[in-house]
Amino acid sequence: QVQLVESGGGLVQAGGSLRLSCVASGITYSIDVMGWYRQAPGKQRELVASITNGGSANITDSLKGRFTISRDNSKNMVYLEMNSLKPEDSAVYYCNAGVGVWGKGTLVTVSS
């Protein structure tokens, strides 16, 4: 099994930046794609970004230019760098490492 723990969320003003981190533990050698999702109140969970074990990254089109995903396989970690944050980016951000493998999430609140 794989366990994921996110960190780095918090309250930030619009235009600010945050860096989210996710550390994986357990049977981590089995992980290929890791990703970040987010879920705002009353909305469905949506994909933010994903990255393969080899470093191939994908960012949701609407977030390109502001969000960056990276990964450090030696530390079993994946990061989400978020810049120029907007109030609509406020959500719980979840780390994912495959089907049914989720962290508990970290809350990001962007004030206007």
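- Under the 4.5 Å side-chain heavy-atom criterion for Ile, Leu, Val, Met, Phe, Trp and Tyr, I31 and L80 are members of the same hydrophobic cluster.
- M77 places none of its side-chain heavy atoms less than 4.5 Å from the side chain of C22.
- Linking Ile, Leu, Val, Met, Phe, Trp and Tyr residues whenever their side-chain heavy atoms come within less than 4.5 Å places L63 and M82 in a single cluster.
- Sorted by first then second residue, the salt bridge (Lys or Arg N to Asp or Glu O under 4.0 Å) pairs that include residues 87-103, not counting sequence neighbours, are R38-D89, R66-D89.
- Side-chain atoms of Q39 do not come within 3.5 Å of backbone N or O of Q44 as any donor-acceptor pair.
- Tracing side-chain contacts under 4.5 Å through hydrophobic residues (I, L, V, M, F, W, Y), one never reaches V23 starting from L4; they form parts of separate clusters.
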If you look only at distance, which donor and acceptor atoms sit under 3.5 Å apart when one is on a side chain in residues 50-60 and the other is two or more places apart or in another chain?
unit_1 : atom_1 : unit_2 : atom_2 : d
T52    : OG1    : G54    : N      : 3.3
T52    : OG1    : G55    : N      : 3.3
T52    : OG1    : S56    : N      : 3.0
N53    : OD1    : N73    : ND2    : 3.2
T60    : OG1    : L47    : O      : 2.7
T60    : OG1    : V48    : O      : 3.1

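- For the side chain to side chain contact (heavy atoms under 4.5 Å, CB included) with L20, the lone residue among W36, F67, Y94 that qualifies is W36.
- Using a distance-only test at 3.5 Å, with no hydrogens or angles considered, no donor-acceptor pair links the side chain of D72 to the main chain of V78.
- Figure legend: R71 and Y79 shown without cation-pi pairing, the cationic atom not lying both under 6.0 angstrom from the six-membered ring centre and within 45 degrees of its axis.
- Smallest separation of non-hydrogen atoms from M34 and I69: O-CD1, 4.2 Å.
- Using a distance-only test at 3.5 Å, with no hydrogens or angles considered, no donor-acceptor pair links the side chain of T28 to the main chain of S25.
- What you find for A14 and P87 is that their closest heavy atoms are CB-CD, 4.1 Å.
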Listing, residues 102-112 side-chain donor-acceptor contacts under 3.5 Å, not counting sequence neighbours, or none:
unit_1 : atom_1 : unit_2 : atom_2 : d
T106   : OG1    : G9     : N      : 3.1

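- Here CG of L18 is found 9.5 Å from CG of N83. Values are rounded to the nearest 0.5 Å.
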